[in-house]
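A quick write-up on the structure given underneath.
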2 protein chains.
Amino acid sequence: MRGIPAETRKRILAAATDLFYAKGIRAVGVDAIAAAAGVTKRTLYLHFDGKDDLIAAYLEARNEPVLAGLIKSVMRSSGGIAAQIEGLFLAFARQAGNPNWHGCPFARAVSELRETPNDAVSEIAARHKRAFEDWLAEHLASHHVAEPALVARQLMVLVDGCITQILIHRDPSYAAAAAAAAVALVERRLPD
Amino acid sequence: MRGIPAETRKRILAAATDLFYAKGIRAVGVDAIAAAAGVTKRTLYLHFDGKDDLIAAYLEARNEPVLAGLIKSVMRSSGGIAAQIEGLFLAFARQAGNPNWHGCPFARAVSELRETPNDAVSEIAARHKRAFEDWLAEHLASHHVAEPALVARQLMVLVDGCITQILIHRDPSYAAAAAAAAVALVERRLPD
DNA sequence: GTTTTAGTATACCGTTCTGTATACTAAATA
DNA sequence: TATTTAGTATACAGAACGGTATACTAAAAC
């Protein structure tokens with residue numbers, strides 16, 4: 001069989017994404033990824049230099065869609081900026097109910113691959129988080145929130161903390177506390 | 001050589017702790033732990049039923065000292081409750097400067113071992129987090145903070161979010177934003 | 001003084017890991 | 001039509017994995 005190369009690569013990446021995200025990166029071998037993609041290991045190594053390259057491609061491919069999803073969660077609300085930020089955290093509670101949800105792929109990759117010589121993972125994850133933080137700061141500023149950079153950082157802390165608590169306790173209701181905190185932190189920076 | 005059994009067990013556990021915490025749990029083999037403990041693999045399996053048992057013992061052993069350290073960070077400050085909570089986050093910034101610091105061992109274990117059939121990990125981690133949350137709620141209540149249970153949860157979210165951000169960005173200064181958020185969330189619940 | 005205990009040393013088992021090699025096939029391309 | 005391309009199928013190399021087996025040793029306990 002002869003397929004379109006870009007299609008095959010996408011299928012391998014999709015299989016890697018599902019498995020890495022669900023089971024963890026070290027827990028998944030290249031054999032399992034090749035099998036899940038319906039591809040021989042030979043073909044996998046024809047499209048990727050090795051597992052490290054596949055890991056980097058996996059994270060890089062998640063950057064844009066995850067970022068878009070986060071922004072969409074904020075923008076969906078029709079209310080003011082505080083309601084929008086609240087919507088972000090309520091979206092976490094909703095998503096966490098899905099059994100396929102396993103938290104933030106970037107945070108989990110960094111956490112798992114600590115002290116392994118794969119610089120790409122750390123760099124991609126930091127870039128992703130920074131991108132959302134920067135977007136938040138601009139969005140807050142455009143809604144006349146004072147100290148937007150500081151508030152954006154505080155919201156990032158709440159975002160990852162919310163996700164971690166939900167993962168540990170297997171209880172999406174932690175998002176409600178995070179949402180209330182986020183609203184309070186935003187509202188106290190609004191003009192009177 | 002014949003050693004005191006409890007001593008040998010402690011040495012194995014200490015080696016496992018160092019390696020698991022620094023490199024991750026899947027990244028460390030039992031051979032490496034035995035070698036680091038200066039013990040044969042035979043001896044290791046004489047003290048632990050297997051790697052899963054060792055993982056559970058590692059986390060269980062961290063519970064008390066980590067909890068004690070967190071409480072100490074809060075109680076060190078001589079100021080009021082807001083200053084105490086601020087001190088907790090400033091302690092994170094201090095510890096994160098140490099190259100041996102790698103975040104929360106419980107959150108990292110849960111994150112890495114997601115969807116592996118080791119119930120103990122999830123249970124121990126949840127119990128640990130819950131213990132600090134409960135202590136915080138009682139401490140806040142004793143300082144006349146309103147809605148202590150909710151505020152305690154919000155602080156837990158900030159704690160784990162702060163740690164995650166520092167890990168990802170390799171930048172302890174994220175603790176400052178978390179500290180400011182924590183102070184604001186506590187102060188607004190103080191009696192006038 | 002004999003037996004139990006807590007080890008060492010070493011070898012091995014079967015499996016899985018990342019990665020490579022060899023040979024073949026069918027579709028697109030020149 | 002000949003050649004390149006993108007694959008399949010299969011096997012294997014070399015290491016690391018968790019875990020076990022055998023034989024021996026020295027200190028402690030009865």
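Here is the naming used below: chain letters follow the sequence lines, and residue numbers restart at 1 for every chain. Hydrogens, waters and symmetry mates are skipped; everything else that's a heavy atom, side chains included, is used.
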Please pick, from [options], the nucleotide with the shortest atom-to-atom distance to any side-chain atom of [X].
X     : options              : answer
B/R42 : C/dA9, D/dT8, D/dA6  : C/dA9
B/L46 : C/dT18, C/dG7, D/dG7 : C/dG7
B/P5  : D/dG19, D/dG7, C/dA6 : C/dA6

**OP:** Assign the ring pair B/W135 / B/H139 to parallel, tilted or perpendicular, where the plane angle (0 to 90°) is split at 30° and 60°.
**Re:**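 Geometry flag for B/H139 against B/W135: parallel rings.
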**OP:** Indicate the ring-plane relationship of B/F20 and B/Y58, choosing parallel, tilted or perpendicular according to the 30° and 60° boundaries.
**Re:**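 The rings of B/F20 and B/Y58 sit tilted, inter-plane angle from 30° to 60°.
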Original post:
Can a side chain N or O of A/H47 be found less than 4.0 Å away from OP1 or OP2 on D/dG7?
Top reply: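 Yes.
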Whole-Å gap separating [atom2] ([N]) and [atom1] ([X]):
X     : N      : atom1 : atom2 : answer
A/I12 : D/dT8  : CD1   : C1'   : 13 Å
B/F48 : D/dG19 : CZ    : P     : 13 Å
A/L54 : C/dG19 : CG    : C1'   : 13 Å
B/L44 : D/dG19 : CG    : P     : 10 Å
A/Y45 : D/dT8  : OH    : P     : 15 Å
B/E7  : D/dA28 : CD    : C1'   : 17 Å
B/R11 : C/dA6  : CZ    : C1'   : 12 Å

Subject >> Within 6.0 angstrom of A/E123 CD, more than 12 heavy atoms from elsewhere >> reply: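 Count over threshold, so yes.
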**OP:** Verify the neighbour count for atom CD of B/E138: are there more than 12 heavy atoms of other residues, nucleotides or ligands below 6.0 Å?
**Re:**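 Counting neighbours around CD of B/E138, 12 or fewer heavy atoms of other residues, nucleotides or ligands fall under 6.0 Å, so no.
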Original post:
So if you build clusters from Ile, Leu, Val, Met, Phe, Trp, Tyr with side-chain heavy-atom gaps below 4.5 Å, do A/V66 and A/L59 land together?
Top reply: yes
Original post:
Can you list, by residue number, the residues of residues 17-41 of chain B that have a non-hydrogen atom closer than 4.0 angstrom to DNA chain D?
Top reply: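 Only B/V28, B/G29, B/V30, B/K41 qualify.
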Subject >> Qualifying residue for salt bridge (charged side-chain N to carboxylate O under 4.0 Å, His left out) with B/E147, from B/R153, B/R189, B/R188 >> reply: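 Only one of B/R153, B/R189, B/R188 forms a salt bridge (charged side-chain N to carboxylate O under 4.0 Å, His left out) with B/E147, namely B/R189.
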Original post:
With a 4.0 Å cut-off, would you call B/R26 and B/E112 a salt bridge?
Top reply: no
